[in-house]
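Shown next, in structure tokens, is the structure this report addresses.
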Amino acid sequence: MKKSINRSGSHIAIQAAAKTGKWFYILFFLVITFLPLVWLVISSFKTNFEFETQAFALPKVWMWSNYKNAMSMAGLPRLFMNSIIVAASTTIVNTLVASMGAFAIARETFRFQNLLLNIIVAGVLIPIIALMVPFFKLVNGFGIYDTLFGLIVTYSAINIPISVFLIHGFMGSIPRELEEAAVIDGCSFSQRFSKIVFPLTKPGLVTAGTFVFIFCWNEFIYAMLLTSSEVSRTLQLGIRFFRSQFVVDYTSMLAAIVITMIPTILVYVFLHDRIISGLTSGAVKG
Amino acid sequence: MKTWKILALLLILALTVPGFLLAQSAAETGETVLKWPTIWVGEDSKAGEVERLVMEFNTLNEGKYQVDIEANPDYDGYRTKINAQVAANAVPDLFVFNPDPTSFSYYEGDRLMDFADELAGDWGKVFVGGAIGDATINGETKSIPYEIGVTPIWYNEALMVKAGVTEYPETIDDFWKVADKLKAAGIVPTSQMTGGTNAWTSMLWFSHIAMSIGGPKVWDKPITDPVFEKAAEILLKMYSDGNTTKDAVGGDAGVSGGHYLAGRTAMFINGPWYIGRVRGEAPDVYENTKIASLPAAGDYPGGQIGFALSNLAAGATDNAAKKGGVLAFMKWMTEPENVKAISMDSGAMFAVKFQTGAGDAVDPLQKKFTDAVNDASFVGTHFATVYPSDVVAEFGQALAKMALGRATPAEFLQQIKSVID
Amino acid sequence: MHSVEKVLAARGLVAKTGPRFSGDRPMVKRNKNWKQIILFLLPVLTLFLLYFVYPLIFVFVTSFTEWNGISAMQFKGLGNYKRLFLSDTFRLSFRNNILWALVLGLVQIPLAAGMAMVLARKPRGWKTFRTIYFLPNVISQVALAMMWLAVYNAEYGMLNGLLNSVGLEQLTHNWLGEYETAFPAVIFQQLFYIGYFMIVILASRMGIPESFYEAAEIDGANVLQQEAHITIPMLRGILVTTMTLAMAFGMRHFESTYLMTNGGPAHQTSVMGIVLYRNLEALRFGEANAIGTILIVTGGVVIALLRWFFGRKASASETVQ
């Protein structure tokens with residue numbers, strides 16, 4: 001908070017009310033967002049009996065064995081590896097492809113460009129579960145069923161509308177004069193993209209990239225539909241191994257969920273935070 | 001320019017690295033490889049023996065056939081995937097499905113292998129009576145009957161005793177008296193649920209009641225028949241006056257099973273697959289669990305529910321080697337000795353006959369399930385095997401409406417009928 | 001709105017912000033860069049054609065048929081659509097989707113924007129808060145649903161436990177099992193997970209130069225006035241963007257409801273995605289795809305209306321200034 005240099009009494013009262021309101025607001029969200037995490041971690045140390053009968057009590061005995069079960073999940077390192085490859089590759093492919101497309105649409109003029117943008121962005125609305133049969137046919141037809149490559153292409157494609165939408169929004173607001181100056185300096189079309197627009201769109205790329213990464217990390221239905229063998233299985237499929245037709249080992253599954261969450265949290269805390277703070281400080285420098 | 005090059009490099013890496021990682025797959029050996037996506041893996045009680053049998057099959061047929069298990073433990077996901085694969089005309093070499101009117105539509109067209117000719121011979125004799133008939137449509141048997149389910153009433157005898165009940169009720173009128181005594185002792189009489197994909201526990205209660213009134217052939221009648229209305233009235237009563245838990249409306253299988261496990265409810269319905277859970281987590285409840293049929297609600301007392309739970313099937317193929325492999329594997333999996341091995345180890349029940357000797361250790365509760373079927377005056381099926389999956393889904397929704405007092409039993413049935421039409 | 005632009009504008013480096021859509025400019029006969037444009041659009045268009053256009057044509061065409069994926073399709077004309085609009089369940093689901101879109105767009109986004117404004121002023125621990133608020137977006141929906149099922153449970157749930165402990169027994173409910181409470185409870189579960197949108201808005205908010213606020217402070221504007229007169233107008237672009245996205249998510253909402261209630265009790269929490277999924281499961285592809293078509297068309301209309309409304313309002317406010 002900045003030091004107030006104002007004199008009027010009502011002004012100070014408003015500032016004080018805003019301050020109380022602010023902390024109430026912060027705390028409310030803190031509780032509601034932190035609660036699931038705490039619950040998740042505590043529950044992952046319970047027995048299934050405790051989990052099903054006393055959902056909010058502390059475990060009598062802390063069941064580290066749940067974590068042992070989760071760690072012994074078949075091929076855990078491989079699952080991790082696959083998830084990382086898929087999520088990272090998809091994020092790169094998707095944001096790159098989407099930013100190139102968004103650049104052409106946002107920074108050039110051609111017939112039907114707005115129509116094109118609107119059509120692509122309308123893809124955000126599509127309930128992708130409706131597309132299982134055609135997606136399966138596509139992936140099977142291209143011979144990339146049960147490959148990580150198939151998943152990467154599919155995930156990259158699924159996230160095109162949202163990425164184009166977000167990135168285009170950021171690109172559209174970059175001053176045209178910057179590019180015009182660059183053209184005078186002899187920059188080519190692709191240099192305008194790589195040297196000027198792309199670097200200036202970093203907040204958009206990070207915003208879209210974060211979304212895409214988390215999507216890939218947590219996606220289940222298409223991972224299940226488009227892969228079958230251990231070679232291309234991802235973590236979300238691994239977690240389901242604590243489930244069977246009639247009985248679920250809830251607490252080992254929760255332990256597995258906790259383990260699988262850690263990388264995403266780390267990616268978020270370290271990468272995202274760093275990029276975002278880099279961005280804002282970079283922006284001030286112009 | 002640098003950024004640009006880095007980006008191009010990243011893109012190439014992102015696209016090729018996964019490709020290299022995959023290059024190692026598919027070493028050609030000249031064997032006919034059959035892929036078997038299956039749910040009998042991981043925590044499933046049959047997983048161990050199924051895997052052993054597949055390995056044994058592969059050893060016996062070395063150089064000829066090889067079956068690869070593709071594990072998919074998520075049951076709903078598995079079903080969704082098989083649906084998509086059948087619709088995309090890319091049926092797996094071998095798979096398992098849950099026989100109901102929806103999945104029987106896989107039989108249309110020429111996508112599944114027909115076993116009718118082979119089953120007409122000696123192989124057909126290993127199955128229990130009627131099983132093959134149930135898997136045959138228009139003379140085509142495009143799946144092999146395999147696992148069966150039995151879902152009698154479970155009750156916790158200790159809780160009954162605590163409430164001063166000494167005898168399991170004979171008739172539904174006795175049942176209500178028992179329920180009142182249980183409530184007086186602070187015990188909730190029944191586990192129920194309207195949630196999940198099929199309101200499982202309550203759907204089974206309803207099926208038991210309907211067959212007790214109308215007999216095993218009750219399902220031939222239209223759903224708006226007075227028999228079902230009477231059954232719905234009884235089910236509604238189970239939802240009223242504290243006869244079930246407060247969270248039954250909207251509750252899923254975790255809710256109905258959890259209350260029984262915790263000793264909060266005295267009566268419950270499920271199959272033998274739940275025994276392991278009870279034995280492991282609630283030993284007291286396990287010790288006190290008894291198995292029974294529904295107290296008579298009509299003219300057909302003492303019936304039980306037994307139904308085809310999973311059938312084995314295979315994608316149609318012109319490849320003679322593949323066809324031979326599928327047949328060999330199906331025969332292997334249905335060999336009485338092998339089926340017995342799975343059954344003994346897992347507690348699951350099968351449509352294949354096998355002999356048990358004195359030396360075979362069977363879980364005592366497990367044995368009660370077998371006895372319950374053998375002693376039953378008749379064995380019929382349940383609602384969810386009779387209707388397609390959207391009708392089954394509507395059952396839980398309509399039941400919630402009735403349980404909340406917003407629909408009469410007749411309206412409940414009418415709502416289900418509106419989806420059947 | 002983008003930070004760089006604001007900085008440059010603040011320093012008088014650019015007289016006027018660039019147009020939001022270059023299409024606003026007079027149409028050039030043929031862009032001399034057309035080859036590169038096509039090259040740049042090629043990857044995105046290829047993926048889009050394969051994964052959206054082709055499947056959507058498939059969805060659209062089959063929506064006029066009866067088809068179980070196995071036997072031959074039978075043309076039914078508008079039969080599937082008629083059946084859907086005559087179905088109480090579908091109409092209820094349709095209404096619920098509209099409500100989802102409105103609540104997410106008009107309540108969740110303001111909540112997220114409010115939090116972004118609070119955190120942008122860097123109260124103590126703001127970086128930690130920023131991280132924590134985002135965490136639910138990282139946790140799988142499966143785990144979140146499991147927890148909220150336990151919170152709302154009528155027998156041992158935490159919510160009823162809280163109410164009982166403060167003497168409000170009469171307010172306890174079977175939250176997910178009653179007509180009055182089920183739908184609000186399902187919405188409530190998602191409403192406060194503002195993390196993603198908050199981050200997006202916060203990133204833009206941090207780009208507004210501090211000097212603007214300092215100047216306003218000297219002019220005697222209080223915090224609320226500063227937010228109303230500086231932050232909100234400057235974030236208009238990103239607010240419309242996030243609101244559009246949130247509404248789109250509301251229209252196609254499926255997962256958390258499917259996991260918590262599967263549309264129950266008696267379809268009270270149902271949404272179009274759930275009806276669609278149920279039809280897919282029953283191998284009724286014709287009807288499922290008709291729902292898909294309806295969902296896309298109505299969603300498109302809602303979003304077009306939103307953009308039109310804000311676009312118009314924005315230009316109106318600009319002329320006032």
Take atom OH of Tyr81(C) as the centre, draw a 6.0 Å sphere, and report whether it contains more than 12 heavy atoms from other residues, nucleotides or ligands. yes
Using non-hydrogen atoms and a 4.5 Å limit, figure out which bit of Thr194(B) sits close to chain C: side chain, backbone, both or neither. neither
Looking at side-chain heavy atoms only, is the closest gap between Gln415(B) and His267(C) below 4.5 Å? yes
Give a yes or no on this: more than 12 heavy atoms of other residues, nucleotides or ligands lie within 6.0 Å of atom CG of Asp421(B). yes
Per-residue contact mode, Leu149(C) against chain B (heavy atom under 4.5 angstrom): side chain
4.5 Å side-chain heavy-atom contact, Gln397(B) and Arg278(C): yes
Considering only heavy atoms from C-beta outward, does the side chain of Arg284(C) approach that of Asp390(B) to under 4.5 Å? yes
Val255(B) portion near chain C, given a 4.5 angstrom heavy-atom threshold: side chain
Can you give me the closest heavy-atom contact between Arg111(B) and Gly69(C), atom names plus distance? NH1-O, 2.8 Å
Check the pair Glu108(B), Ser71(C) against side-chain hydrogen bond (donor to acceptor under 3.5 Å, both in side chains), reporting the backbone distance first and the verdict last. CA-CA 6 Å; Glu108(B) 294 167 25; Ser71(C) 297; 2.3 Å; yes
Name the region of Asp252(B), side chain, backbone, both or neither, that has any atom closer than 4.5 Å to a heavy atom of chain C. side chain
Residues Glu281(C), Thr102(B); criterion side-chain hydrogen bond (donor to acceptor under 3.5 Å, both in side chains); working and verdict: CA-CA 8 Å; Glu281(C) 292 290 276; Thr102(B) 301; over 6 Å; no
Greatest number of heavy atom pairs closer than 4.5 Å to chain B - which of Ser270(C), Ala182(C), Ala154(C): Ala154(C)
The test is salt bridge (charged side-chain N to carboxylate O under 4.0 Å, His left out); show your working for Glu178(C) and Arg406(B) and say whether it passes. CA-CA 11 Å; Glu178(C) 290 173 25; Arg406(B) 290 176 189 257; over 6 Å; no
Segment of Tyr106(B) engaging chain C (4.5 angstrom heavy-atom cut-off): both
Just verifying a value: how many Å separate Ser389(B) OG and Leu280(C) CG, rounded to the nearest 0.5 Å? 10.0 Å
Side chain proximity check, Tyr156(C) to His259(B), heavy atoms < 4.5 angstrom: yes
Kindly determine whether Asp247(B) and Asn174(C) satisfy side-chain hydrogen bond (donor to acceptor under 3.5 Å, both in side chains), including the steps that lead there. CA-CA 6 Å; Asp247(B) 53 3; Asn174(C) 178 16; over 6 Å; no
From CG (Asn68(C)) to CG (Asn83(B)), nearest 0.5 Å: 10.0 Å
Between Tyr107(B) and Ile70(C), is there a side-chain heavy-atom distance shorter than 4.5 Å? no
How long is the gap from OG1 on Thr197(B) to OH on Tyr258(C), to the nearest 0.5 Å? 7.0 Å
